[in-house]
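All values derive from a computational prediction rather than experimental measurement.
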Amino acid sequence: MTFRRFVALGDSFTEGVGDPDPSRPNGVRGWADRVAEVLGRDEPDFGYANLAIRGRKLRPIIAEQLDPAIALQPDLVTIYAGANDILRPKVDIDDLIELYDAALGKLAATGARLVVFTAFDPAGYPIFGSLRGRFAVYNELVREIAERHGATIVDFWRLRDYRDDRMWDVDRMHMSSAGHQRMAMAVLDALGVRHDLEALPLVEIPPLSGAERRAANVEWVREYAGPWVKRRLTGTSSGDGLAAKYPSYTRL
(Lines give C-alpha, C1' and ligand atoms only; values in the text may rest on other atoms or scores of the structure.)
Protein backbone atom coordinates (compact mmCIF):
# COMPACT_ATOMS: atom_id res chain seq x y z
CA MET A 1 0.00 0.00 0.00
CA THR A 2 1.26 3.45 -0.90
CA PHE A 3 0.37 6.98 0.20
CA ARG A 4 1.28 10.28 -1.41
CA ARG A 5 0.06 12.91 1.08
CA PHE A 6 0.44 12.26 4.83
CA VAL A 7 -0.77 14.73 7.47
CA ALA A 8 -0.20 14.19 11.22
CA LEU A 9 -2.26 15.98 13.88
CA GLY A 10 -1.93 16.09 17.65
CA ASP A 11 0.27 17.07 20.57
CA SER A 12 3.79 16.27 21.78
CA PHE A 13 3.29 12.57 21.03
CA THR A 14 3.04 13.32 17.31
CA GLU A 15 5.32 16.36 17.24
CA GLY A 16 8.14 14.06 18.37
CA VAL A 17 9.09 15.31 21.84
CA GLY A 18 11.59 12.93 23.46
CA ASP A 19 13.31 12.15 20.15
CA PRO A 20 15.78 15.05 19.81
CA ASP A 21 17.17 16.19 16.47
CA PRO A 22 18.56 19.75 16.43
CA SER A 23 18.51 19.80 12.62
CA ARG A 24 14.70 19.63 12.47
CA PRO A 25 12.02 22.24 13.24
CA ASN A 26 11.32 22.45 17.00
CA GLY A 27 14.42 20.29 17.53
CA VAL A 28 12.64 16.92 17.40
CA ARG A 29 12.14 14.00 15.02
CA GLY A 30 9.52 11.53 16.27
CA TRP A 31 7.56 8.54 15.02
CA ALA A 32 5.59 10.53 12.42
CA ASP A 33 8.79 11.76 10.76
CA ARG A 34 10.10 8.21 10.80
CA VAL A 35 6.90 6.93 9.15
CA ALA A 36 7.08 9.72 6.53
CA GLU A 37 10.66 8.78 5.70
CA VAL A 38 9.56 5.22 4.91
CA LEU A 39 6.45 6.24 2.95
CA GLY A 40 8.43 8.67 0.81
CA ARG A 41 11.17 6.30 -0.28
CA ASP A 42 9.40 5.00 -3.37
CA GLU A 43 7.02 7.92 -3.98
CA PRO A 44 8.72 10.78 -5.86
CA ASP A 45 5.72 13.10 -5.30
CA PHE A 46 5.28 12.25 -1.61
CA GLY A 47 4.46 15.07 0.79
CA TYR A 48 4.33 15.13 4.59
CA ALA A 49 2.85 17.75 6.92
CA ASN A 50 2.99 17.65 10.71
CA LEU A 51 0.64 20.11 12.44
CA ALA A 52 1.10 18.74 15.98
CA ILE A 53 2.23 21.04 18.80
CA ARG A 54 3.25 19.91 22.28
CA GLY A 55 0.91 20.61 25.17
CA ARG A 56 -2.21 20.95 23.02
CA LYS A 57 -5.49 19.66 24.42
CA LEU A 58 -8.21 18.18 22.26
CA ARG A 59 -10.24 21.35 21.67
CA PRO A 60 -7.26 23.41 20.42
CA ILE A 61 -6.13 20.51 18.25
CA ILE A 62 -9.53 20.42 16.57
CA ALA A 63 -9.81 24.22 16.37
CA GLU A 64 -6.30 24.83 15.04
CA GLN A 65 -5.38 21.72 13.07
CA LEU A 66 -8.50 20.08 11.64
CA ASP A 67 -9.40 22.52 8.87
CA PRO A 68 -5.77 23.07 7.74
CA ALA A 69 -5.35 19.29 7.58
CA ILE A 70 -8.47 18.84 5.45
CA ALA A 71 -7.39 21.70 3.17
CA LEU A 72 -4.19 19.77 2.39
CA GLN A 73 -6.30 16.98 0.85
CA PRO A 74 -4.31 14.11 2.37
CA ASP A 75 -4.76 10.44 1.59
CA LEU A 76 -3.39 9.48 5.03
CA VAL A 77 -4.20 11.24 8.31
CA THR A 78 -3.09 10.35 11.82
CA ILE A 79 -4.49 11.99 14.94
CA TYR A 80 -3.64 11.56 18.61
CA ALA A 81 -5.56 13.82 20.97
CA GLY A 82 -7.06 13.83 24.45
CA ALA A 83 -4.17 12.67 26.62
CA ASN A 84 -3.45 16.18 27.88
CA ASP A 85 -7.13 16.56 28.78
CA ILE A 86 -7.18 13.30 30.72
CA LEU A 87 -4.25 14.46 32.83
CA ARG A 88 -6.12 17.55 34.05
CA PRO A 89 -7.61 17.41 37.57
CA LYS A 90 -11.14 17.42 36.11
CA VAL A 91 -12.32 16.20 32.73
CA ASP A 92 -15.68 15.28 31.19
CA ILE A 93 -14.67 12.26 29.12
CA ASP A 94 -18.08 11.92 27.47
CA ASP A 95 -17.94 15.54 26.30
CA LEU A 96 -14.38 14.99 25.11
CA ILE A 97 -15.34 11.93 23.09
CA GLU A 98 -18.33 13.72 21.55
CA LEU A 99 -15.99 16.38 20.18
CA TYR A 100 -13.48 13.76 19.05
CA ASP A 101 -16.23 11.76 17.33
CA ALA A 102 -17.31 14.78 15.28
CA ALA A 103 -13.70 15.54 14.31
CA LEU A 104 -13.05 11.97 13.20
CA GLY A 105 -16.24 12.11 11.15
CA LYS A 106 -14.95 15.16 9.25
CA LEU A 107 -11.57 13.54 8.64
CA ALA A 108 -13.12 10.25 7.52
CA ALA A 109 -15.43 12.11 5.12
CA THR A 110 -12.39 13.22 3.11
CA GLY A 111 -11.80 9.62 2.05
CA ALA A 112 -8.31 9.60 3.55
CA ARG A 113 -7.02 6.58 5.45
CA LEU A 114 -7.50 7.57 9.08
CA VAL A 115 -5.29 6.34 11.92
CA VAL A 116 -6.28 6.84 15.57
CA PHE A 117 -4.40 5.92 18.76
CA THR A 118 -5.43 4.89 22.22
CA ALA A 119 -3.50 6.34 25.16
CA PHE A 120 -0.77 4.34 26.90
CA ASP A 121 -1.30 2.25 30.02
CA PRO A 122 0.05 4.30 32.97
CA ALA A 123 0.06 1.43 35.45
CA GLY A 124 3.07 1.67 37.75
CA TYR A 125 4.14 5.13 36.63
CA PRO A 126 4.47 7.96 39.15
CA ILE A 127 1.71 10.59 39.09
CA PHE A 128 -0.12 8.96 36.18
CA GLY A 129 -0.79 5.51 37.67
CA SER A 130 -3.69 6.77 39.76
CA LEU A 131 -5.46 7.81 36.54
CA ARG A 132 -5.39 4.35 35.00
CA GLY A 133 -9.15 3.91 35.25
CA ARG A 134 -9.73 7.22 33.51
CA PHE A 135 -7.34 6.20 30.72
CA ALA A 136 -9.11 2.85 30.31
CA VAL A 137 -12.55 4.46 29.92
CA TYR A 138 -11.20 6.99 27.45
CA ASN A 139 -9.50 4.28 25.41
CA GLU A 140 -12.58 2.11 25.13
CA LEU A 141 -14.60 5.07 23.89
CA VAL A 142 -11.84 5.95 21.40
CA ARG A 143 -11.93 2.39 20.06
CA GLU A 144 -15.70 2.72 19.64
CA ILE A 145 -15.64 5.96 17.65
CA ALA A 146 -12.64 4.82 15.61
CA GLU A 147 -14.52 1.70 14.56
CA ARG A 148 -17.60 3.80 13.75
CA HIS A 149 -15.60 5.85 11.25
CA GLY A 150 -13.64 2.95 9.80
CA ALA A 151 -10.36 4.21 11.24
CA THR A 152 -7.26 2.11 11.74
CA ILE A 153 -6.48 1.79 15.45
CA VAL A 154 -2.96 1.70 16.86
CA ASP A 155 -3.63 0.41 20.35
CA PHE A 156 -0.90 2.05 22.44
CA TRP A 157 -2.51 0.64 25.61
CA ARG A 158 -1.72 -2.92 24.47
CA LEU A 159 1.88 -2.32 23.39
CA ARG A 160 3.66 -3.98 26.29
CA ASP A 161 7.11 -2.91 25.07
CA TYR A 162 6.45 0.42 26.77
CA ARG A 163 6.67 -1.23 30.18
CA ASP A 164 10.43 -0.84 29.73
CA ASP A 165 11.63 2.47 31.20
CA ARG A 166 14.11 2.80 28.33
CA MET A 167 11.23 3.38 25.93
CA TRP A 168 10.64 6.68 27.74
CA ASP A 169 12.60 9.92 27.81
CA VAL A 170 14.29 11.17 30.99
CA ASP A 171 11.19 13.26 31.75
CA ARG A 172 9.19 9.99 32.08
CA MET A 173 6.35 11.63 30.16
CA HIS A 174 7.38 11.33 26.51
CA MET A 175 8.67 8.45 24.45
CA SER A 176 12.42 8.17 23.95
CA SER A 177 13.98 7.77 20.51
CA ALA A 178 13.58 4.01 20.96
CA GLY A 179 9.94 4.55 21.88
CA HIS A 180 9.30 6.69 18.82
CA GLN A 181 10.98 4.09 16.59
CA ARG A 182 8.76 1.38 18.06
CA MET A 183 5.67 3.51 17.47
CA ALA A 184 6.67 4.13 13.86
CA MET A 185 6.90 0.38 13.39
CA ALA A 186 3.46 -0.09 14.97
CA VAL A 187 1.91 2.52 12.66
CA LEU A 188 3.46 1.05 9.51
CA ASP A 189 2.42 -2.46 10.54
CA ALA A 190 -1.15 -1.29 11.18
CA LEU A 191 -1.22 0.27 7.71
CA GLY A 192 0.15 -2.87 6.11
CA VAL A 193 3.18 -1.01 4.76
CA ARG A 194 6.33 -3.07 4.28
CA HIS A 195 9.38 -1.57 5.97
CA ASP A 196 12.83 -2.39 7.24
CA LEU A 197 12.65 -0.50 10.54
CA GLU A 198 14.06 -2.37 13.52
CA ALA A 199 13.92 -1.71 17.23
CA LEU A 200 16.71 0.58 18.40
CA PRO A 201 19.29 -0.88 20.81
CA LEU A 202 18.43 -0.31 24.45
CA VAL A 203 21.28 0.69 26.75
CA GLU A 204 21.57 -1.32 29.93
CA ILE A 205 20.61 0.65 33.04
CA PRO A 206 22.74 -0.15 36.11
CA PRO A 207 20.68 -1.08 39.17
CA LEU A 208 20.23 1.71 41.71
CA SER A 209 20.36 1.44 45.45
CA GLY A 210 17.38 2.64 47.46
CA ALA A 211 19.15 5.92 48.24
CA GLU A 212 20.12 6.45 44.59
CA ARG A 213 16.56 5.78 43.46
CA ARG A 214 15.16 8.28 45.96
CA ALA A 215 17.69 10.89 44.86
CA ALA A 216 16.78 10.29 41.20
CA ASN A 217 13.09 10.69 42.00
CA VAL A 218 13.73 13.95 43.84
CA GLU A 219 15.70 15.25 40.86
CA TRP A 220 12.92 14.20 38.50
CA VAL A 221 10.32 16.06 40.55
CA ARG A 222 12.48 19.19 40.56
CA GLU A 223 13.37 19.11 36.87
CA TYR A 224 10.21 17.75 35.25
CA ALA A 225 7.21 16.93 37.45
CA GLY A 226 7.26 20.27 39.30
CA PRO A 227 7.33 22.45 36.16
CA TRP A 228 4.68 20.20 34.57
CA VAL A 229 2.33 20.72 37.52
CA LYS A 230 3.07 24.46 37.57
CA ARG A 231 2.09 24.82 33.92
CA ARG A 232 -1.24 23.18 34.62
CA LEU A 233 -1.91 25.40 37.62
CA THR A 234 -1.04 28.56 35.71
CA GLY A 235 -2.78 27.63 32.45
CA THR A 236 0.42 27.74 30.40
CA SER A 237 1.73 25.17 27.96
CA SER A 238 5.10 23.87 26.83
CA GLY A 239 3.90 24.59 23.30
CA ASP A 240 3.19 28.27 23.85
CA GLY A 241 4.97 30.26 21.15
CA LEU A 242 5.75 27.21 19.01
CA ALA A 243 4.56 26.72 15.44
CA ALA A 244 3.87 23.45 13.69
CA LYS A 245 6.97 21.63 12.43
CA TYR A 246 5.75 21.19 8.87
CA PRO A 247 2.57 23.23 8.24
CA SER A 248 2.68 22.45 4.51
CA TYR A 249 3.89 19.47 2.56
CA THR A 250 7.58 18.70 2.70
CA ARG A 251 9.71 15.71 1.86
CA LEU A 252 12.11 14.35 4.46
Side-chain angles (χ1 to χ4, degrees), residues 1 3-16 30-33 35-36 39 47-88 91-121 131 134-159 175 183-184 186-193 239 244-249:
M1 181 168 293
F3 300 96
R4 294 182 58 248
R5 300 180 304 278
F6 168 31
V7 178
L9 294 76
D11 53 27
S12 59
F13 171 84
T14 300
E15 184 189 349
W31 67 264
D33 285 19
V35 167
L39 296 178
Y48 162 58
N50 189 322
L51 310 182
I53 297 178
R54 66 194 71 178
R56 289 296 193 266
K57 294 191 290 185
L58 188 141
R59 286 180 186 273
I61 289 173
I62 293 173
E64 300 168 9
Q65 301 176 25
L66 192 67
D67 287 343
I70 292 173
L72 288 168
Q73 300 182 310
D75 55 15
L76 172 63
V77 178
T78 64
I79 181 169
Y80 180 95
N84 286 318
D85 298 80
I86 297 173
L87 294 173
R88 293 306 192 270
V91 59
D92 185 332
I93 295 181
D94 291 322
D95 180 61
L96 201 67
I97 290 297
E98 184 177 348
L99 292 170
Y100 208 3
D101 188 14
L104 295 188
K106 291 181 179 180
L107 291 171
T110 68
R113 180 75 173 269
L114 180 58
V115 177
V116 178
F117 303 78
T118 60
F120 83 107
D121 183 354
L131 300 176
R134 185 185 287 185
F135 273 72
V137 170
Y138 168 80
N139 283 344
E140 188 54 34
L141 293 173
V142 166
R143 294 185 188 103
E144 181 180 336
I145 62 174
E147 290 171 359
R148 180 181 304 141
H149 296 293
T152 296
I153 302 174
V154 177
D155 208 334
F156 196 0
W157 178 274
R158 297 177 183 175
L159 294 178
M175 295 183 294
M183 189 57 62
V187 172
L188 291 166
D189 290 343
L191 290 171
V193 174
K245 289 169 60 176
Y246 302 112
S248 59
Y249 285 128

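- The two residues L96 and G82 have their closest heavy-atom pair at CD2-O, 4.2 Å.
- Looking at heavy atoms from C-beta onward, L188 lies in side-chain contact with L39 at the 4.5 angstrom threshold.
- The two atoms that bring A190 and V154 nearest to each other are CB-CG2, 4.0 Å, heavy atoms only.
- By the 4.5 Å heavy-atom criterion applied to side chains, L104 and V116 are counted as neighbours.
- Across all their heavy atoms, A112 and P74 have their closest contact at CB-O, 3.3 Å.
- Rounded to the nearest 0.5 angstrom, I79 CD1 and L114 CG are separated by 7.5 Å.
- Between atom CG of residue L66 and atom CD1 of residue I61 there is a gap of 10.5 Å, rounded to the nearest 0.5 Å.
- Counting all heavy atoms, side chain and backbone alike, Y249 lies closest to Q73 at OH-C, 3.9 Å.
- Take T110 and apply the side chain to side chain donor-acceptor pair (under 3.5 Å) test, not counting sequence neighbours, and it matches no residue.
- With sequence neighbours left out, the salt bridge (charged side-chain N to carboxylate O under 4.0 Å, His left out) criterion links D85 to no other residue.
- Remark: D75 engages no residue in a salt bridge (charged side-chain N to carboxylate O under 4.0 Å, His left out) (not counting sequence neighbours).
- Residues R134 and I93 meet the side-chain proximity criterion, which asks for heavy atoms closer than 4.5 Å.
- Every residue was checked against the salt bridge (charged side-chain N to carboxylate O under 4.0 Å, His left out) condition with D11, not counting sequence neighbours, and none meets it.
- For residues 47-69, every residue pair satisfying the ring pair (Phe, Tyr, Trp, His ring centres under 6.0 Å) rule, not counting sequence neighbours, is listed here: F6-Y48, Y48-Y246.
- For A119, the side-chain contact (heavy atoms from CB on, under 4.5 Å) partners two or more places apart in sequence, or in a different chain, are Y80, F135, Y138, N139.
- Among pairs with a residue in residues 140-149, those fulfilling salt bridge (Lys or Arg N to Asp or Glu O under 4.0 Å) read D101-R148, E140-R143, R143-D155, E144-R148, at least two apart in sequence or across chains.
- Under the 4.5 Å side-chain criterion, counting only non-hydrogen atoms from C-beta, L51 is in contact with V7.
- In terms of heavy-atom proximity, L72 sits nearest to P247 at CD1-O, 4.0 Å.
- Interatomic distance, T118 OG1 to F156 CZ, rounded to the nearest 0.5 Å: 8.0 Å.
- Looking at residues two or more places apart in sequence or on another chain, you find a side-chain contact (heavy atoms from CB on, under 4.5 Å) between A184 and W31, R34, V35, L197.
- E15 places no side-chain N or O within 3.5 Å of a backbone atom of I53 that could act as its donor or acceptor partner.
- Contact detail for D92 and D95: the closest heavy-atom pair is OD1-N, 3.0 Å.
- Using a 4.5 Å cut-off on side-chain heavy atoms (C-beta onward), F117 and T78 make contact.
- Using a 4.5 Å heavy-atom cutoff, the side chains of D67 and K106 are not in contact.
- Distance CD/E98 to CD1/I145: 10.5 Å, rounded to 0.5 Å.
- Within the 4.5 Å cutoff, side-chain heavy atoms of V115 are placed close to those of L76.
- With sequence neighbours excluded, the residues forming a side chain to side chain donor-acceptor pair (under 3.5 Å) with R113 are T152, listed by chain and number.
- Evaluation of the salt bridge (charged side-chain N to carboxylate O under 4.0 Å, His left out) rule for E64 yields R56 as partners, not counting sequence neighbours.
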Original post:
So R158 and D121, salt bridge (charged side-chain N to carboxylate O under 4.0 Å, His left out) or not? Walk me through it.
Top reply: CA-CA 8 Å; R158 297 177 183 175; D121 183 354; over 6 Å; no

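- Looking only at distances, no side-chain donor or acceptor of T14 sits under 3.5 Å from a matching main-chain atom of A8.
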Original post:
Would F120 and M175 count as a side-chain contact (heavy atoms from CB on, under 4.5 Å) if you check the C-alpha gap in whole Å, the side-chain angles of each, and the deciding distance to 0.1 Å?
Top reply: CA-CA 11 Å; F120 83 107; M175 295 183 294; over 6 Å; no

